[in-house]
Amino acid sequence: MGPLKADLLKKELSIFTFSDLLEHFPNRHVDKTSISAITDIHAGTDFIQTAGIIDNIVILGEKRSKRLVAQLRDRTGTIELCWFQGIHWIEKNIHAGKLYLVFGKVAFFNGKAQITHPEIEPWVAETAEGKNFLEPVYPTTEKLKAKGLNGKQIGKLTMALIEMISPKDIPENLPNHILENLILLSRWEAYCFIHFPKNQLEYDKALYRLKFEEFFVAQVKLGLTRLRRHKHSKGAIFEKVGEYFNTFYTKYLPFELTGAQKRVLKEIRTDTGRGIQMNRLLQGDVGSGKTIVALLTMLLAADNGYQSCLMAPTEILATQHFLGLSELLKDMPVNIRLLTGNTKTAARREILSQLAEGSLHMVTGTHALIEDPVVFKNLGLSIIDEQHRFGVAQRAKLWAKAAIHPHVLVMTATPIPRTLAMTAYGDLDYSVMDELPPGRKPITTVHRNEMYRVKVMDFIRSEIDHGRQAYIIFPLIEESEKLDYENLMDGYEHVKAFFPEPKYWISMVHGRQPADIKETNMKRFVKGDTQIMVSTTVIEVGVNVPNASIMVIENAEKFGLSQLHQLRGRVGRGSDKSYCILLTGTKLNNDARERIKTMCSTNDGFKIAEKDLELRGPGDIEGTRQSGALNFKLANIISDKEILEKAKKEAEMLLSKDEELSSAENLILKNYLLHKKGKTVWSKIS
Ligand code: ADP
Ligand code: MG
């Protein structure tokens, strides 16, 4: 290949080396023997491959609607082909009266079938017969196409490459027993067949082998990281359960712990007692009672002479944690303080000096806690609440706060689907709280469109008149903060018209308020001085007002599933029957409809998380992108769930027998891992 094309391949597709080219996988294969008749195209047709004579090439329209249109005709009928870009190139290279093979997505305009930007090439019917494989078509770009590297021409390069190399160039990396047990193709075969399969079965086998390999290698790496940490990273030893824990547990714990809470505490105790740094992810649904688990763990730290901190993503939540924990600890000789960006200078100075000299047992706060001037005497435990809001870099800062890395307990905001937990967080130890405290009544969720707003307000009024409280949430929808603010103010005025003072009082909280105003408004609602909380999503996570039993979400179609679930989790915390009302416009797109339907049909955060992953795909899930754990080329954690489970099982079995990968059979895997480019550092992503 000449330097010009080579350069373009680098720029456009990041193909620098032979192995890059080999790993540029086809996105489909063309079976030249399977050509649809044009007459067979019907309303449900998606992609088709067809062949015929081109006719009537014309350029229509002006400016943005300028397009080149041509007819493709076979013996059975005609279909329209249409190009908006590259018109001149097409005009020059497509000739009326000649035979072409065409592939593309069929769409219908005014009942007429059309393919926009089809793949097109001259078709010589005879050559089709000689071919005994499926012809690969590769992802490419417009620039490459213009330089003669379309989806099929890249295949010619790949073919030439494969002819040049031999099995020793693509050595096996999986241990033999796995190949045998799972009946997998060898690595060499898999690479040959994924590009040039003779038939569908061969392709499927190649794809399976390579997907398995991707998952398996990732799982082995994660497993090794976890093992290495268990071996080498020292942690503070919380060996005894002492005065603080026991006194609190027997005298001040306001309720019996659920089975799940007890189990998780036991897991944490085991983890923190053996001298290894704990790095644990605690998954629990909204309202499952993670806070009390956090507090008990902090008391355990105090019993062993260590300080602990509890970090929350927002000021409101940090403050609420502080108030809640202080209340629980009010008769205990435990020193706990709040440190946020808004802590006044004098108080801050005092807190910092208490932290440094060791007289402060616990501190709750926002990310202000991990800023440089904060020095602990002996930090033994960091708890990060509602984890997905904390960046990896911020978390890494935390490690530097103590000579021995503090134990880390990350508490999730909403459950993470199992497959995601296995991949993105697979190097962490992992606890699940899948039980809600007793006595919770399930929340009834309904969907209403705007036409019902008056009725909804009437309903809220009757609930308020029975002593309950309500949240009304407005989304952040506009690009500009100003418009969002206006939107919220409009909403506020609207609500106020329904609920006039002095019979009713309304709190309003939003991101633009100064912290003290926010706090005052929040507190009034917590105390019951106001019956309605109008707010943006700043109250999304963690906020706990048990008397609030109604959650109204305006423009619910604008929210993601996990956000909706979080918001709904603000109610159903007391003993009253609770409601969540999703208000939307009258027109909803499919995704929005699916989300609303899911919300109305289940309260189970784990189910909702699965659905969310399914609708959004893994790339979008917050906090996982930067971990690099989801960069699979072929495998997909949603549709290839079963392969992932299998790979995980095999990886665990392998490591349990040979964690050094030193047996003769496992050496090839070890060498592969050592030489694989682009090493990922997992261990510090807590
Ligand atoms: P989340 O897991 O969402 O952080 P919280 O820790 O805020 O949940 O707990 C939600 C509510 O449940 C709080 O009011 C808390 O006091 C209460 N709670 C927690 N554990 C129990 C329990 N074992 N029995 C009864 N109520 C509990
Ligand atoms: Mg919480």
Side-chain angles (χ1 to χ4, degrees), residues 248-250 252-266 268 280-299 309-330 362 364-366 382-390 409-416 431-443 468-469 471 522 525-528 537-549 551 562-576 578 580 603-606 608-609:
F248 181 81
Y249 198 92
T250 49
Y252 304 116
L253 187 65
F255 35 66
E256 170 86 5
L257 293 183
T258 64
Q261 285 169 324
K262 284 183 189 160
R263 193 185 63 235
V264 169
L265 269 173
K266 211 179 265 168
I268 292 173
R280 185 169 282 276
L281 177 68
L282 170 54
Q283 278 224 66
D285 204 345
V286 177
S288 59
K290 294 184 287 286
T291 317
I292 204 77
V293 172
L295 175 58
L296 286 161
T297 310
M298 289 163 89
L299 288 167
C309 68
L310 172 58
M311 281 199 282
T314 64
E315 177 104 20
I316 289 182
L317 190 49
T319 308
Q320 184 183 289
H321 272 327
F322 172 70
L323 296 174
L325 298 185
S326 305
E327 175 64 26
L328 285 165
L329 294 170
K330 67 176 188 289
M362 303 171 184
T364 73
T366 54
S382 294
I383 301 180
I384 299 168
D385 196 15
E386 315 295 1
Q387 177 266 346
H388 70 261
R389 293 287 181 94
F390 266 95
L409 181 65
V410 174
M411 307 200 292
T412 60
T414 5
I416 300 166
S431 295
V432 178
M433 278 196 339
D434 48 6
E435 185 184 346
L436 294 181
R440 295 272 168 79
K441 302 215 173 88
I443 303 163
R468 322 257 205 272
Q469 290 166 281
Y471 295 96
M522 197 61 220
F525 187 68
V526 173
K527 278 208 289 195
T537 50
V538 288
I539 61 117
E540 182 186 335
V541 288
V543 172
N544 188 28
V545 182
N547 190 50
S549 65
M551 167 61 65
S562 68
Q563 237 183 346
L564 289 172
H565 183 60
Q566 261 302 325
L567 286 168
R568 177 169 64 184
R570 299 310 105 217
V571 296
R573 303 190 147 236
S575 50
D576 293 321
S578 295
C580 174
N603 275 307
D604 182 337
F606 287 90
I608 290 173

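Just so you know, these numbers use all the heavy atoms, side chains as well, and skip hydrogens, waters and symmetry mates. All ligand and atom numbering here is 1-based and tracks the order in the structure.
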Show me which atoms of ligand 1 lie under 4.0 Å from any heavy atom of Asn544. 13 (C), 14 (O)
Go through the structure and list residues passing side-chain hydrogen bond (donor to acceptor under 3.5 Å, both in side chains) with Lys527, not counting sequence neighbours. none
Should you measure from each heavy atom of Thr291, which atoms of ligand 1 turn up under 4.0 Å away? 4 (O), 5 (P), 6 (O), 7 (O)
Ile443 versus Cys580, closest heavy-atom pair with distance: CG2-N, 3.8 Å
Please state whether Glu256 comes within less than 4.0 angstrom of ligand 1, counting heavy atoms only. yes
Just to check, does Arg440 reach to within less than 4.0 Å of ligand 1 when the distance is taken from its heavy atoms? yes
Are any of the N/O atoms on Gly289, whether in the backbone or the side chain, positioned under 3.5 angstrom from an N/O atom of ligand 1? yes
Note: Arg573, heavy atoms under 4.0 Å from ligand 1, region reported as side chain
Number the atoms of ligand 1 from 1 as they appear, then name those within less than 4.0 Å of a heavy atom of Thr258, with their elements. 23 (N)
Does at least one non-hydrogen atom of Pro546 fall below 4.0 angstrom from an atom of ligand 1? no
Val293: which of Ile383, Val264, Thr258 passes side chain to side chain contact (heavy atoms under 4.5 Å, CB included): Val264
Under 4.0 Å from one or more heavy atoms of Val286, ligand 1 contributes atoms 3 (O)
Result for side-chain hydrogen bond (donor to acceptor under 3.5 Å, both in side chains) between Ser431 and one of Gln283, Arg280, Lys266 points to Arg280
Any side-chain heavy-atom pair of Leu265 and Thr297 under 4.5 Å: yes
Any chance you could measure Thr364, atom OG1, to Gln320, atom CD, to the nearest 0.5 Å? 11.0 Å
Does ligand 1 have any atom sitting under 4.0 Å from a heavy atom of Gly284? no
Residues which pass side-chain hydrogen bond (donor to acceptor under 3.5 Å, both in side chains) with Glu315, listed by chain and number, not counting sequence neighbours: Thr340, Asn342
Between Glu256 and Lys262, does at least one N-O distance fall below 4.0 Å, as a salt bridge requires? yes
Counting each atom of ligand 1 from 1 as listed, which ones have a heavy atom of Ser288 under 4.0 Å away? 2 (O), 8 (O)
Counting from 1, what ligand 1 atoms have a heavy atom of Leu257 closer than 4.0 Å? 23 (N)
